[in-house]
Amino acid sequence: MSNSILESETSVESPAAGTVMSMQQALNRALDEVLAENPKTLIFGEDCGRLGGVFRITDGLQAKHGEQRVFDTPLAESGILGMSVGLAMAGFHPIPEVQFDGFAYPAINQIVCQIARMNYRSRGTLPMPITLRVPSFGGIRAPEHHGESLEALFAHVPGLKVVSPSNPHEAYHLLKYAATRPDPVIFMEPKSRYWQKGEVDVARPDPAGGSPTGAKVMREGRHLTLVAWGAMVARCLQVAELAAEDGIDIEVLDLRWLKPIDAAALAASVRKTRRAVVVHEAPLTSGLGAEVAQLITQGCFDTLRAPVERVTGFDVPYPSGDLEDEYIPNIDRILFGIQRVLEYKRG
Amino acid sequence: MSNSILESETSVESPAAGTVMSMQQALNRALDEVLAENPKTLIFGEDCGRLGGVFRITDGLQAKHGEQRVFDTPLAESGILGMSVGLAMAGFHPIPEVQFDGFAYPAINQIVCQIARMNYRSRGTLPMPITLRVPSFGGIRAPEHHGESLEALFAHVPGLKVVSPSNPHEAYHLLKYAATRPDPVIFMEPKSRYWQKGEVDVARPDPAGGSPTGAKVMREGRHLTLVAWGAMVARCLQVAELAAEDGIDIEVLDLRWLKPIDAAALAASVRKTRRAVVVHEAPLTSGLGAEVAQLITQGCFDTLRAPVERVTGFDVPYPSGDLEDEYIPNIDRILFGIQRVLEYKRG
Amino acid sequence: MDTLPAASGGAAEPLTPAQLRELYSLMVAVRHLDTSAIAWQRQGIIPGYAPEIGQEAAQVGSGYAVDTTRDFVFPTYREMGVARTMGIDMVAYMSTHKATWHGGLYDPLESRLAPIQAVVAGSVLHAVGWAHGQTLDGKDGVAMTYFGDGASSQGDVHEALNFAAVMKAPVVFFVQNNGWAISVPTERQVAGGSVAARAAGYGMPALQIDGDDVVAVVEATRRAFAHARSGRGPVLIEAMTYRRGPHSTSDDPGRYRSLDEERDGAGLDPLQRFRQRLLADGVADEAFFAGALAAAKAEEEQIRTGIQALGSRPGTEMFDLVFQETTPALQAQAANWREESEHV
Amino acid sequence: MDTLPAASGGAAEPLTPAQLRELYSLMVAVRHLDTSAIAWQRQGIIPGYAPEIGQEAAQVGSGYAVDTTRDFVFPTYREMGVARTMGIDMVAYMSTHKATWHGGLYDPLESRLAPIQAVVAGSVLHAVGWAHGQTLDGKDGVAMTYFGDGASSQGDVHEALNFAAVMKAPVVFFVQNNGWAISVPTERQVAGGSVAARAAGYGMPALQIDGDDVVAVVEATRRAFAHARSGRGPVLIEAMTYRRGPHSTSDDPGRYRSLDEERDGAGLDPLQRFRQRLLADGVADEAFFAGALAAAKAEEEQIRTGIQALGSRPGTEMFDLVFQETTPALQAQAANWREESEHV
Ligand SMILES: Cc1ncc(C[n+]2csc(CCOP(=O)(O)OP(=O)(O)O)c2C)c(N)n1
Ligand SMILES: Cc1ncc(C[n+]2csc(CCOP(=O)(O)OP(=O)(O)O)c2C)c(N)n1
Ligand SMILES: [Mg+2]
Ligand SMILES: [Mg+2]
């Protein structure tokens with residue numbers, strides 16, 4: 001977790017298009033810029049300040065922006081989120097962090113009953129511009145409760161928006177976008193991708209001119225659409241490469257926004273490919289894959305050649321490191337899912 | 001909320017088959033019997049004791065079974081559920097209550113991270129036979145947070161089972177079944193149905209010999225399957241009667257168990273009717289309707305004549321009384337959903 | 001109990017006779033509106049209500065100390081008396097009990113009263129956040145948050161007390177210990193017997209006061225505000241009072257407390273007490289009391305008329321008020337709803 | 001601070017020389033295993049570890065007071081020393097750090113140690129429930145729950161203290177105040193400066209003790225157990241100690257505390273202190289110390305061998321251990337998993 005490269009790159013000036021950096025660096029840079037651009041933004045949570053966060057996402061920000069803008073709180077997630085509500089009422093834009101996905105649960109009451117509803121309850125007079133950063137999903141052999149996928153829960157809550165970036169470029173732009181919105185956004189960071197590097201074009205969110213709120217085609221294909229988000233996008237791209245060797249041409253759609261879901265993009269892709277598999281780490285039952293599958297089925301009932309497949313985590317508590325490769329959808333399981341769809345024959 | 005009838009009926013002796021009672025009475029009777037049959041069962045929560053609960057579900061039970069078996073706790077839901085974990089570890093079968101659906105949120109951390117996982121974490125040595133009663137769903141013109149539908153959240157949590165009764169007979173038998181299980185069960189009581197009366201055959205859970213864990217056909221039909229649970233089952237039965245006047249023969253399936261879902265029953269019904277609409281009060285996005293629809297689509301892809309429709313609450317916070325009839329699926333909206341399915345033409 | 005340093009400067013001016021009379025008028029207005037609202041519920045004008053009968057001194061007295069040009073108040077579902085004292089539009093306030101809109105129809109930003117809060121202890125942390133915002137902005141507003149003896153059991157209260165004390169946030173935690181949380185008496189709720197006693201564990205000053213003595217409440221609250229405003233951190237006030245009525249219009253207190261217990265627990269009616277005192281001190285006379293009551297009645301009539309005239313909010317608000325920036329999915333749902341409900 | 005009534009009968013017997021030597025042996029075994037586990041992580045034997053170096057007196061001393069025939073202990077993720085003292089199979093215990101199984105492979109029911117708990121403050125309420133079960137069953141077991149200065153900020157701790165005190169549940173709340181919660185020092189975590197000071201607000205006796213003096217820890221814990229066991233309700237102990245190492249093997253304390261601060265904060269090493277005392281009192285000699293260390297080394301080697309030999313758990317356990325009564329959906333998923341992973 002050396003941050004030497006990072007430290008030389010947290011300045012606000014634009015580098016050349018296509019700077020290579022890790023997602024950790026991209027997020028850190030986005031936060032740095034957001035703090036510089038909007039004096040009402042605040043970053044706080046457990047160990048966000050002096051330590052720079054256990055994942056170093058807020059590294060150097062307290063030193064640069066001061067202890068009032070970037071600070072550590074006592075160890076209490078409900079406190080952190082409840083305090084965010086009051087700060088938002090006072091005109092601030094809080095960017096709190098919960099240290100790990102599994103520790104969002106103690107704050108669910110404040111998130112669901114307060115953050116998500118205050119704008120509604122107050123008839124629009126008390127907006128909640130809160131960007132909650134949640135290091136999310138599994139894959140790092142961590143202790144219990146450090147590998148959870150809460151997107152289905154968050155997506156079901158009226159009043160929340162939910163987004164997850166899949167690479168450094170997306171991380172930079174989506175965080176900058178989320179942190180300038182007047183509504184609460186849950187920002188789910190795929191922690192297993194923090195140290196993966198990629199090109200970030202800070203000047204152009206989407207060279208293709210796409211909307212910041214939609215899904216994004218990461219690879220075009222004709223035979224089947226793989227829908228994923230977070231860390232599963234990279235895995236699906238790998239799968240697509242493998243499948244291509246067998247002549248199977250797969251489209252990979254990065255859903256990005258998990259609420260609201262870009263139903264039009266799902267329909268557009270599957271109307272073309274006529275087949276879809278949705279992949280996520282969360283348990284199967286009542287996971288977001290069900291919503292995605294149903295949206296596809298509604299939008300493309302006539303063109304679909306097979307029921308949408310879901311390749312997901314199992315309906316079991318997230319297991320310990322030794323078993324996590326068995327739990328998280330791996331390349332083989334995704335390939336099996338693709339095969340089931342491709343071989344489906346109307347009975 | 002007079003309880004004079006109830007008080008004469010809480011004895012443990014069996015009445016004649018088909019006694020008419022309200023769901024409140026049926027639940028009270030089930031709890032009374034469970035307390036009598038298993039000395040390790042305990043009932044506790046806010047106002048469960050002397051008051052008998054704000055809905056009187058535990059009425060008279062403290063007086064009859066004593067202050068050790070039925071007791072009031074301080075006002076803290078996380079405390080109530082966290083204490084349940086310890087009691088279960090000590091060999092008890094806690095039957096805690098949270099006073100209203102919306103007040104389960106403060107306890108979500110204990111429910112998700114502890115109750116649902118302790119059996120797993122302890123490798124089966126510390127089972128969690130906890131039956132959590134949650135007065136659920138809307139329809140009673142109550143204050144904010146008193147009309148929530150949390151089934152999608154609970155159903156997504158590995159380690160929990162979830163059930164909801166639709167009438168007094170189901171309430172009696174499902175609660176007795178749930179409260180004798182060695183695993184945690186979330187028991188979602190449709191509070192708008194508490195005072196509706198119906199026949200309860202205490203001797204025979206299912207005269208047709210069905211499984212206590214499956215879904216249940218409440219009305220047979222040939223043209224379309226309506227899938228519902230809780231208070232929506234009665235509404236769907238009404239809708240079926242109305243549709244019958246127009247010659248539309250609707251099957252109504254009471255899902256009952258929201259986790260695990262009886263996928264076989266869904267498939268069996270829709271293979272016959274070839275069309276389905278799922279109805280729930282919870283918001284649409286990432287609601288349990290998506291899972292139900294996807295299970296149906298997976299199970300009946302070839303026979304389905306139209307995509308499964310969902311008629312649900314909207315993606316908005318549960319509104320105040322004046323607007324709740326606009327929010328909860330009403331007869332008209334369900335009929336519109338049915339119409340869309342029946343009129344669906346492959347493009 | 002009084003662990004608040006005496007030197008809190010500026011808060012010590014005694015109440016003038018005019019102010020005392022104003023307090024009485026407020027208490028009568030609140031009492032009358034409160035008892036009327038119970039009647040409204042019986043008459044079907046509103047579906048439910050949570051009366052604060054017996055807590056008028058605690059509510060009017062504390063609300064009276066608020067400076068609505070700079071402070072901010074976080075109520076529960078039972079702070080009608082605070083709202084009235086702060087000058088909130090009472091039709092807009094009572095609309096929550098008409099089931100018109102959960103948070104009430106008043107503007108929280110303008111009125112400095114947060115939306116009505118139905119989650120027990122739900123807004124205690126909000127006060128801490130708002131107050132910390134004052135520190136960050138270099139302003140001198142104080143947040144006052146109300147909660148009950150029952151609410152004191154919630155984890156959020158602990159987190160709020162600790163956060164506020166760690167950050168020295170200008171918060172006044174105003175606890176109305178009214179003896180009951182629905183059917184559970186304080187002695188089976190609050191271990192140790194006093195919420196005020198908890199403050200010391202956070203290094204926070206606290207006052208336990210006679211919450212039925214409106215003058216004592218005003219004075220204590222002013223002292224607490226002065227302390228918090230001067231940057232010396234949060235203060236907790238526990239006002240000992242009694243919930244003389246049912247928990248709400250659907251509650252039946254006869255199931256858990258006898259009339260004898262009620263009489264003993266309640267003690268003297270705070271309104272009667274204050275009236276005796278004003279009479280004894282020659283601050284007010286019968287004519288004044290009669291006038292105050294008449295004004296309260298006229299006010300209630302006006303509010304009732306307003307409430308009865310209040311139509312339902314248009315269903316589109318369900319969709320339009322979810323976000324500042326709506327979403328295509330939500331707009332589609334709204335369009336669908338409009339179509340299907342207009343058809344009907 | 002000591003607000004525990006002195007008359008707690010039976011707990012006052014002084015430790016015998018043999019017991020003192022046993023305590024030392026335990027502390028050495030724990031210290032050696034702890035420092036070894038950090039090395040194991042560096043060597044790739046285990047993926048991570050949370051050392052308790054510096055907290056040996058607090059952990060061994062408190063664990064020593066447990067009667068495993070009737071009491072029950074609720075650890076966090078950092079109670080290796082307690083586990084060792086209670087006689088837990090240390091391969092089964094350390095397996096959690098090998099990422100074999102989250103809760104560890106030991107049997108909590110038999111060993112009287114609840115599964116390892118990774119949620120901060122997650123099990124504090126469990127102790128209250130278990131203890132209340134003792135009351136209901138008419139038994140005399142006591143629950144001891146461990147938590148840290150950081151954990152004390154969680155709402156659940158407040159709810160647990162209040163529930164326990166209201167119900168007079170036989171619980172010992174054992175706080176290891178080790179000065180840090182990852183990078184946050186106690187003074188910015190615990191308003192008022194002491195967790196023990198919170199107890200008074202619940203009418204609960206508390207002891208703030210030198211957590212680096214193993215004898216003081218044993219004695220205080222025994223007194224607390226005797227009090228709780230006799231039906232007089234819960235007790236809170238705050239053992240003042242210091243986290244001498246990193247928070248975990250992935251932490252870098254240099255980012256938030258200097259070596260000077262570390263040295264000052266940590267004070268004397270509890271193990272060295274105890275050694276001096278035993279020497280001074282003539283209870284043990286160098287030969288004994290050498291023997292204890294040799295035993296610790298042998299023990300560590302055995303545990304390391306055990307850990308290295310530990311294979312992964314079969315994947316079917318993922319499915320089989322979710323419920324006591326499995327479900328068709330879960331069985332189907334297991335079958336599917338088996339098929340797809342065997343194919344590979
Ligand atoms: C988190 C939560 N749990 C339960 C309830 C249900 N409830 C509403 S008021 C109340 C009692 C509150 O007692 P107290 O805090 O003393 O306030 P009081 O009603 O006496 O003013 C309860 C249990 C709730 N609104 N919120
Ligand atoms: C609810 C929750 N929030 C956050 C974390 C992440 N976390 C693990 S340990 C820790 C610090 C705990 O400090 P303390 O309670 O003092 O115990 P110590 O580590 O010092 O033993 C944090 C923040 C967690 N495990 N659980
Ligand atoms: Mg009260
Ligand atoms: Mg600590």
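Within every chain, numbering begins at 1; the chains are lettered A, B, ... in the order of the sequence lines, protein sequences first and strands thereafter. Values in this document were obtained by computation on a predicted structure and should not be read as measured data.
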Determine the minimum heavy-atom distance between E291(B) and S286(A), stating which atoms define it.
-> OE1-N, 2.7 Å
Heavy atoms only, distances under 4.5 angstrom: which of V316(A), L153(A), L288(A), T303(A) has the most pairs with chain B? Name it, please.
-> V316(A)
Assert top hit (heavy-atom pairs under 4.5 Å, partner chain A, pool V292(B), L304(B), L295(B)) equals L304(B)
Side chain, backbone, both or neither of E144(B) within contact of chain A (heavy atoms, under 4.5 Å) | side chain
Taking all heavy atoms of H156(A) and all of S149(B), pick out the closest pair and write down the distance.
-> NE2-O, 4.2 Å
Shortest non-hydrogen pair, Y105(B) vs I108(A), comes out as CD2-CG2, 3.7 Å
Measuring heavy-atom distances to chain B, does Q110(A) have an atom under 4.5 Å in its side chain, in its backbone, in both, or in neither?
-> neither
The interface call for V112(B) against chain A, heavy-atom contacts under 4.5 Å, is side chain
F103(A) vs N109(B) side-chain heavy atoms within contact, under 4.5 Å = no
Please report the shortest heavy-atom distance between Q294(B) and A293(A), naming the atom on each side.
-> OE1-CB, 3.3 Å
Give the member of L284(A), D315(A), I111(A) that has the highest number of heavy-atom pairs under 4.5 Å with chain B.
-> D315(A)
The interface call for R305(A) against chain B, heavy-atom contacts under 4.5 Å, is backbone
For chain B, which of C113(A), G159(A), P158(A) has the most heavy-atom pairs under 4.5 Å?
-> P158(A)
Contact part of Y344(B) toward chain A, heavy-atom cut-off under 4.5 Å: side chain, backbone, both or neither?
-> side chain
Pair listing, salt bridge (Lys or Arg N to Asp or Glu O under 4.0 Å) test, anchored in residues 97-116 of chain A, at least two apart | E97(A)-R133(A), D101(A)-K191(A)
Between P319(B) and Y120(A) the two heavy atoms that sit nearest each other are CB-OH, 3.6 Å
Highest number of heavy-atom pairs under 4.5 Å with chain B among R121(A), E77(A), Q298(A) belongs to R121(A)
Those residues of residues 255-273 of chain B, ordered by number, that approach chain A below 4.5 Å (heavy atom to heavy atom) = K259(B)
Heavy-atom distance under 4.5 Å to chain A: side chain of E151(B), backbone, both or neither?
-> neither
